[in-house]
Structure formats: structure tokens, C-alpha cells
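Convention: sequence-line order gives letters A, B, ...; per-chain numbering from 1. All heavy atoms count here, side chains included; hydrogens, waters and symmetry mates do not.
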Protein chains: 2
Amino acid sequence: MGIAERKNRQKQALRERILDASRRIVMREGFAALSMRKIADAIEYSPATLYLHFASRDEIAQALCAEGYAQLLETFVPLAGIADPAERLKALGRAYVAFGVAHPETYRLIFMEDPSYTGAALGGAAKGALKGEAALAAEAGITEAEAASRDAAAAEDDPGAAALHIMISALEQLKASGGLPASTDVAVWAEAFWATLHGIVALNLTCPVFPTTSLDTVVAVALDAWLGAPQATRDSTQHATQHATQHATQHATQHAAQHAAQARSAAASVGTRKKKSPGASAEAAAQPDGEPAAQPSRRQPARAATASLAAPAPKRKAAGT
Amino acid sequence: MGIAERKNRQKQALRERILDASRRIVMREGFAALSMRKIADAIEYSPATLYLHFASRDEIAQALCAEGYAQLLETFVPLAGIADPAERLKALGRAYVAFGVAHPETYRLIFMEDPSYTGAALGGAAKGALKGEAALAAEAGITEAEAASRDAAAAEDDPGAAALHIMISALEQLKASGGLPASTDVAVWAEAFWATLHGIVALNLTCPVFPTTSLDTVVAVALDAWLGAPQATRDSTQHATQHATQHATQHATQHAAQHAAQARSAAASVGTRKKKSPGASAEAAAQPDGEPAAQPSRRQPARAATASLAAPAPKRKAAGT
DNA sequence: GTCTATACACTGATAGAC
DNA sequence: GTCTATCAGTGTATAGAC
């Protein structure tokens, strides 16, 4: 069956080329600029060929989403080893925001574009993760290391669920160690916490005046609100929600940022897209390096100064112009 | 100059008709389905005519955004009268989420679609609002009633800034009355708080598995995290972030929901859009009532059960199919 | 089985005739 | 002021060549 295998390999290779080209287009021009014709031009095939490998543009987008989830998970995994659950959650939160800011197009695609995209890698499994598998594991006395390895195993199946798992188990441990009231509903708490992080990233990507000061400061305030001030033992202050806006959390932020930055070298994009430029796609395909040649974006000067990580957001609008 | 005035009136009338038709299309089929041709069909003019009143589709969208901001502000104004600043902030938070869930297409358009839309009504004025005008007012000893009337005055100019103002002044009062540490940076706190609310709404509109339980519960947890448990005086508990997940906050939630629901009668939408149906737009235009004839959406059965307010989210994807 | 060429029904936007 | 005709683009479907 060598022939069949070779054909299969070729098919997979073409599929990979399609995804490569798509990824490049999305990162260069934003998801809205991703068109079947553009992909076809980039890989030098006819548009119809794409449909032999993907049923629709949406399916390509979902494949890219799966990659994005895996990428986000990679950002989380090394942080799962942090001993203190509260610190671990904070590190995860910072890494989450850093990821969204460092890879705006990826984040947009995964969490802000379409429910079918978001659900693609966050379907039933994620629901299971939120519902209490972790709770059972924690109550059974599973160690952190064991939990981490189980997360890693689950990662290949469903990165989204795995990422959730990392957070949930930290939460369970925090609760078990008295860091949270026993009455806390872990699933609800986790969702609300996630929503906070998502809100910060989403507003940063969408709202021109957010944040007015520093993104790190906002993140620090949010983490303190949810997890208490860092160096206090959390029973010495009478109002744990606030205090210490920009203290010792800084180094951890930088660590997370570093990690996120290395996961994928700077997602740059074009502020003002060219109108026509025939052959631009072919040129892109010829470029061997997958990542873009950083082209400075000055869409919102205030933004560049305020975000600690490079986070240009292209005007994503394909259609005809 | 009676002739000129009449012409001006006619021009304004057509502009209004364009916006009316656009609003209807967005609420029926989602923003992505808003096309110039569809609007033109609805008002029975040629597509080119639209460009005499709006420079582009984006400009129409921005006009719709301005309406949406005003609508959101209307939801806030009556809540500005709540005496206790903490309760006021909670009511505002609940109203915000309720608004987003009740008017998903409006919310999407305003806060999740495009930075230029979000910035349209939230430009420099909002930045000013966050920067400390409110702080000065509060320190000068301005009463709540006076502040509210000033907000109302500002509303016509910039609803977005006015809405922010309402929140910021509540925050200032809370801080002044000792509800927050003196070291709190009000602008940062407000942004982080807003991000939490936005995250809840945005995930609810985008992520199929959010929330796994009840939206109200998640909101309650988030409000407690930021503002402390409701009936405690906020210094009796050693860890104020948690406690009381679903206690007495319920009646207030219902109040907010009621208000949001009355502001605009149920934003319904179409789950699976028809493929062609020539004449559908004209039919829509003929319908005198601006609001849609509720057409049940069963996109995500879990969603309908989980959200306490009607929140169908159409598959927003125009393009050709 | 793989792929291309062609076609269809759309999109936003514009030039120019009336 | 309004419309017709048109441009350059879109996702997708299908007939038919290899």
C-alpha cells in the first residue's frame, strides 16, 4: 500500500500548506481578509481545490482555531508547576492576557469571532471540565504533578478543555487550602474569573480608549480583586478586594509576557491595507518564513504606548473596497 | 427659505428611513447581514442613493452605534438615583449585563465589532471622563442629584461618556465613604470592573458553553468579588472577595432585567437564514412595527435554558451562500 | 481521484447619464 | 437628486478535463 500512503501523505501535505497560507494571511491582514481565492493564490492552486480538503471557509477557520487553542495551552503548561495555587492562578491570568495581546488575531479568531469557532475546540469536553471532574480528582488527593501530567495527556485531545483543567485544578487546591470559602462554587468562580480576563483582552482589542493607563495595572487590580493582594496572608486586611495596585506582581507579569512572546514571534500586521497589489499573495507564499516582517502599525498611538507587549490590531475588513 | 428647509427635512427623513431599515435588518439577521443593497431594497431606492446620505456602510454602522449607546445610557439613568454607591454600582453592573443579553446585536455592534464603531461614541470624551473630572466634582462636594442632572446634560453630546460618568461618580462616592481603600485608582478600578462585565456579556454572546450554570449567578459572583457581599458591612468577613453567591441580590437583578427589557421589546433574530427569498427586504420595510416578530432560535439549546433573559444570537455571516 | 475553468449570487463602492 | 451600469472583490457549486 505504498502508493496509497504516498497519496495520503501528499494530501496531508497540501492540507498543511493550505493552513500555513491561511495562518499567514490571518496574521498579516486579519481574519476578515481571509478568502478562499487568496489562499488559493498563495498556494498556487485553484480555489475549487481547497474544497477537496476543507468543506468551507469556516472549516479552515476552525482548524486555525484548534492551533490557536494549542498555542494558548502551551503558554499555560509551564505555569501549572507553580506551587502556590493563588500565585499559579495569577500567573495563568497574566499569561492569558499576555497571550491575547501578543496574538490579537489568534485571540480574536478563537474567542471573539464566531460561536462555532469558539465551540470548535471548547465543545462538550470543556463543559465536562467545568462540571466537576477536577473536583473529584482534587478530593481524591491527587498531587499537583499528577494533575499536570493528566492535563498534558488531555491536551492533545482538547486543548481548550485542558487549559480549563489547569485553571480549575488550581482553583480546587486554593479552595481546599482555605484560600477560598468552602461555599464557593468552583465552576461559577472559574467562569467569572475567565470572563474578567477575557473582558480585559477583548476591550483592549476592540475599544480604542482601553485602557487609559497601563494594561498591566488593570490586570493587577483585577487579579487582586479575585485573589486578594499578593503578600498579605489574606486575613490581615479588612477589605481584601483592593490594596497594592502595582507591587510585587510585576516580575511575574514579565515572565508570563516573555513566555507568550517566545511562543510565536511577534504577531505583526498591516495598519492600512493596500488596495489591490496583484501578486502580493504569491509573494507571501514565496516567503519561506511563516511569520510576518514586522510592519509598524500606528492605528492608535495611545494603544502602542499603553500595552506593554506589541499588539497591533489591523483594520479587519475584507469585502470589496 | 421655505424650500430649502423642506428639502432639508426631506433629506433628514430619508436619512432616518435608511437608519430605520438598517436597524431592522441588524436586529433580524445580525450586523454581518447588513448590506447596502438590502437597505436600498428596504427603502425602495437604489444603492447609490445611500451614498448621498452616508459615506459608507461603516458610517451607517456608526450611526446605529450612537443609537445603541443612547439606548444603553437610558438603561443606566434611572439607576443613578440609588443612594448607596455600592448598591448603585451593582445595579449598574446587572443592568449592563442585562442590556447586552437582551440586545445581543446592538451590544455586538457597539462593543465587539470594530474599534472604529466602539470609538465612534466613546472617543476623547470618554477618556476625559475616566481621567478625573468626576473626581474633582466629588471632592467639591457635589450632591448625587446634581451629578445625575449633569450626567443627563452630557448624555446628548456623548452617551458613552455619560454612561461612564454615572459609573465613575458612584465609584468616587464609594471611595469617599470608605467603601474602597483610599489608595484605589478610580479610573483603573472602573476599567477593570467594566472589563469584567464586558467579559461576561461577550463570552455569553460568543462562547457556546458559557455560562454552564446561570448567568445571574456568574454576575452575582463577579459583583461580590468587586464590591463585597451585599449584607455584610464589609469588615466583618476576613476575606471579602467571596461569600453569598446567590443571596439577596436577586430582586435587584430582576429589577434591572425588567428595565432593560422594557427599553426595547425583545431583540429576536433568525437562527437559520433563508437563502434567497427575493422580496424579503421589501416585506420587512412594509412592516410598520420596527421590532421583529419573535422567531424562535434554537441554535444552542443549552443557551436558552441558561440565560434568564431572552438572548438569541443569530449566525451572523452575510457573504454569499 | 485531483484539479481547473467557469458560473452564480452576492458584496461595497463609483462614474456618469438623466 | 436619483438611477443605471459597472468594477473588483467575495464564498461556493459544478461540469468536465486529465
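- Of all heavy-atom pairs spanning A:R15 and A:A63, the tightest one is NH2-CB, 4.4 Å.
- When atom types are taken as modelled, the side chain of B:E191 and the backbone of A:F210 share no donor-acceptor pair closer than 3.5 angstrom.
- The side chain of A:R57 lies closest to D:dG11 when the candidates are D:dG11, C:dG12, C:dC3.
- The separation between B:I60 atom CD1 and C:dG12 atom P is 9 Å, rounded to whole Å.
- Between the NZ atom of B:K38 and the C1' atom of C:dA9 there is a distance of 12 Å, given to the nearest Å.
- If you take CG of B:L50 and P of D:dT4, they are 13 Å apart, rounded to a whole angstrom.
- With distances taken from any side-chain atom of A:A48 to the nucleotides D:dG11, C:dA13, D:dA13, the minimum falls on D:dA13.
- Between A:F54 atom CZ and D:dA13 atom C1' the separation is 19 Å, expressed in whole Å.
- In this model, the phosphate group of C:dC3 is not approached by any side-chain N or O of A:T49 to a distance below 4.0 Å at OP1 or OP2.
- For A:M36, the side-chain atoms get nearest to D:dT12 when compared with the rest of C:dA13, C:dC3, D:dT12.
- Between A:D41 atom CG and C:dA5 atom P there is a gap of 12 Å when expressed in whole angstrom units.
- Rounded to an integer number of Å, the gap from OH of B:Y45 to P of D:dC3 is 7 Å.
- One donor-acceptor pair, N or O on each side, does fall under 3.5 Å between the base of C:dG12 and the side chain of B:R37.
- Of the N and O atoms on the side chains of A:D114 and A:S116, at least one donor lies less than 3.5 Å from an acceptor on the other residue.
- OP1 or OP2 of D:dT10 sits under 4.0 Å from a side-chain N or O of A:S35.
- In the set D:dG1, C:dA15, C:dT11, the nucleotide with an atom closest to the side chain of B:L52 is D:dG1.
- For B:L14 and D:dG1, the CG to C1' distance is 10 Å, given to the nearest whole Å.
- No close placement of the A:Y117 and A:Y69 rings is indicated, their centers lying 6.0 Å or farther apart.
- A residue-by-residue look at A:K7 and B:A55 shows that A:K7 has its nearest nucleotide of DNA chain C further toward the 5' end.
- Minimum atom distance to the side chain of B:Y51 is reached by C:dG12, of the listed D:dG1, C:dG12, D:dT12.
- Remark: B:R57 is positioned above the aromatic ring of B:F31, its terminal NZ or CZ atom under 6.0 angstrom from the ring centre and at most 45 degrees off the axis.
- For the pair B:E29 CD and C:dT11 P, the computed distance is 10 Å after rounding to whole Å.
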